[in-house]
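Computed over heavy atoms, backbone and side chain alike; hydrogens, waters and symmetry mates excluded.
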Amino acid sequence: MEYTLQEKESNKTSVHSEFLKRLTVDDIIKSHTNELICVDEQTSLEETCRLLSQNNLSAVPIWSEKSKLFVGIIDVIDIAFFIAYAYDYRIKNHSTEQQHIFNNVCAGDLLETDGEGSIVRSFLPTDTTEKVLDAFSKGVHRGLVVCPSGKPNIITQSDVVSYLYKSGQCDEIFSKTIDSMNHIMHANSVQPVVSVHQDAPAIDAMKALGRDRIGAVAILGPDDKIVDNLSASDLKMGSMDFILKTIVLPSVEFLEQMRGDKSHTPICVTRE
C-alpha cells in the first residue's frame with residue numbers, strides 16, 4: 001500500500017505526538033544531577049548575581065519565607081535589564097556613588113518589573129512534555145517543577161530541546177530547515193533580528209535583551225554583518241560589580257573583557 005506525501009507527513013506527526021504524550025517532565029529533569037539553587041526574596045541583587053555566576057545558572061526561583069511559597073523566577077536578562085536602566089538613572093541624577101542605588105535592591109524587587117519572572121508557571125513531574133511545549137509555545141521560557149514528595153526543580157526550553165535531540169525520536173523535526181520552521185512559527189509576520197552596532201555601548205544591548213525578552217542580541221560590524229552576539233550566557237559570567245564597571249564599553253570590547261580567554265567565533269547557520 002502506497003502513501004501520499006501528505007499521508008506520510010501525517011503519520012510522522014502522529015508518531016511524534018504519541019511520543020510527546022508518553023514523555024513526562026520527570027523523564028527530562030531526572031537527568032539533572034545538581035540540586036536546585038534558589039534565593040530568598042530578601043537576598044541582595046549582588047548575592048543573586050554571584051550565585052548565578054558561580055553555579056553557571058541562567059535563572060533562579062525566588063522563595064518567600066513569609067508565604068512559604070515560590071513567588072517567581074528571575075534570570076540574568078531580568079538582572080541585566082534592571083542594571084541597565086538603574087545605571088541610566090544614576091547618570092541622570094548625577095550620582096557619584098557607583099553602587100548606592102543597588103545596595104538595598106533585593107531579588108524580590110525585580111518581580112515588580114514587567115519581566116516574565118513574576119509569573120510562576122508550574123508543572124508536575126507527571127505532566128506530559130506535550131503540555132510543557134504548549135506553554136513554551138506561548139512565550140513561557142521556563143517552569144517550576146513541583147514535586148509533592150521531594151525537592152522542586154526547573155525545566156527550561158533548552159532542557160526539552162536537548163532531551164528530544166539526544167533521544168533520536170524527533171530526527172525528522174530536527175532535519176527541517178530553519179526557513180521551513182520559521183514559516184510555521186511566523187506564518188503571518190517576519191520577526192526582525194534585534195541588533196546593535198559593535199561601537200554601541202553594552203548597555204544598549206542589555207536594554208534590548210530585556211525590552212524584547214530575547215536570549216541574544218546580534219552585534220553588527222562596519223558592513224552591517226553579524227560579527228558576534230551578546231547573550232544571557234555571556235552575562236551570567238560576570239559579577240554585578242564587573243558589569244557596572246564595563247557597561248558603557250563598546251559591545252565588542254565588553255564581550256572581550258567578559259569572556260576573557262573564553263572568547264569564541266559566533267556560530268552562524270543559513271536558513272536552508
Side-chain angles (χ1 to χ4, degrees), residues 12-32 34 36-39 41 52 57-64 67 69-79 81 107-108 110-167 169-170 172-174 176 178 180-189 191 194 209-216 231-233 236:
K12 289 178 181 179
T13 301
S14 177
V15 170
H16 295 151
S17 180
E18 288 302 315
F19 172 66
L20 295 176
K21 287 178 181 177
R22 294 194 309 271
L23 186 66
T24 66
V25 169
D26 190 53
D27 291 328
I28 295 174
I29 66 169
K30 66 184 179 183
S31 60
H32 292 186
N34 297 328
L36 177 68
I37 293 175
C38 59
V39 297
E41 60 184 342
L52 288 170
L57 298 173
S58 295
V60 288
I62 299 179
W63 173 261
S64 171
S67 62
L69 294 169
F70 284 102
V71 292
I73 300 174
I74 62 170
D75 60 21
V76 291
I77 294 177
D78 294 321
I79 295 173
F81 191 55
L110 269 65
L111 298 180
E112 298 176 10
T113 63
D114 295 329
E116 181 186 338
S118 58
I119 304 172
V120 183
R121 181 59 194 262
S122 60
F123 301 101
L124 292 172
T126 53
D127 283 339
T128 66
T129 304
E130 187 177 53
K131 179 178 179 179
V132 176
L133 287 174
D134 180 63
F136 285 172
S137 71
K138 296 172 182 175
V140 176
H141 291 84
R142 64 191 64 82
L144 189 69
V145 182
V146 182
C147 306
S149 59
K151 295 181 179 180
N153 214 316
I154 284 182
I155 186 168
T156 68
Q157 290 182 343
S158 296
D159 292 330
V160 177
V161 172
S162 177
Y163 186 95
L164 293 179
Y165 180 75
K166 292 176 181 177
S167 73
Q169 296 293 318
C170 300
E172 292 87 356
I173 294 176
F174 285 105
K176 292 183 179 296
I178 293 176
S180 65
M181 295 300 289
N182 193 52
H183 283 307
I184 296 172
M185 297 300 294
H186 309 293
N188 300 313
S189 64
Q191 302 298 309
V194 178
L209 285 172
R211 182 185 64 242
D212 293 286
R213 293 305 306 171
I214 51 179
S231 69
S233 297
K236 69 183 179 183

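Of the candidates I28, I155, I154, I155 is the only one forming a side-chain contact (heavy atoms from CB on, under 4.5 Å) with V145. L52 pairs in a side-chain contact (heavy atoms from CB on, under 4.5 Å) with only one of the listed residues (I37, D75, L57), which is L57.
Closest approach of A216 to S231, counting heavy atoms only: CB-CB, 3.8 Å. Between G215 and I77, the closest heavy-atom pair is CA-CD1, 4.1 Å. Listed here is the closest heavy atom pair of S167 and L164: OG-O, 2.7 Å. Closest non-hydrogen pair, V146 versus P125, comes out as O-CD, 3.1 Å. Of all non-hydrogen atoms in V140 and Q157, the two that sit nearest each other are O-NE2, 3.0 Å.
Rounded to the nearest 0.5 angstrom, I62 CD1 and L111 CG are separated by 4.0 Å. Separating the CG atom in N153 from the CZ atom in F123 is a distance of 13.0 Å, to the nearest 0.5 Å. Between the CG atom of L209 and the CD1 atom of I214 there is a distance of 5.5 Å, given to the nearest 0.5 Å. Rounding to the nearest 0.5 angstrom, the gap separating the CG atom in D78 from the OG atom in S58 is 11.5 Å. From L20, atom CG reaches atom NZ of K131 across 15.0 Å, with rounding to the nearest 0.5 Å. Rounding to the nearest 0.5 angstrom, the gap separating the CD atom in E41 from the CG atom in L110 is 12.5 Å.
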TODO: I would like to know whether T129 and Y163 meet side chain to side chain contact (heavy atoms under 4.5 Å, CB included); could you show each step before the answer?
DONE: CA-CA 11 Å; T129 304; Y163 186 95; over 6 Å; no

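Counting only heavy atoms from C-beta outward, the side chains of V60 and I74 approach each other to under 4.5 Å.
With hydrogens and angles ignored, the 3.5 Å screen pairs no side-chain donor or acceptor of S162 with any backbone N or O of D159.
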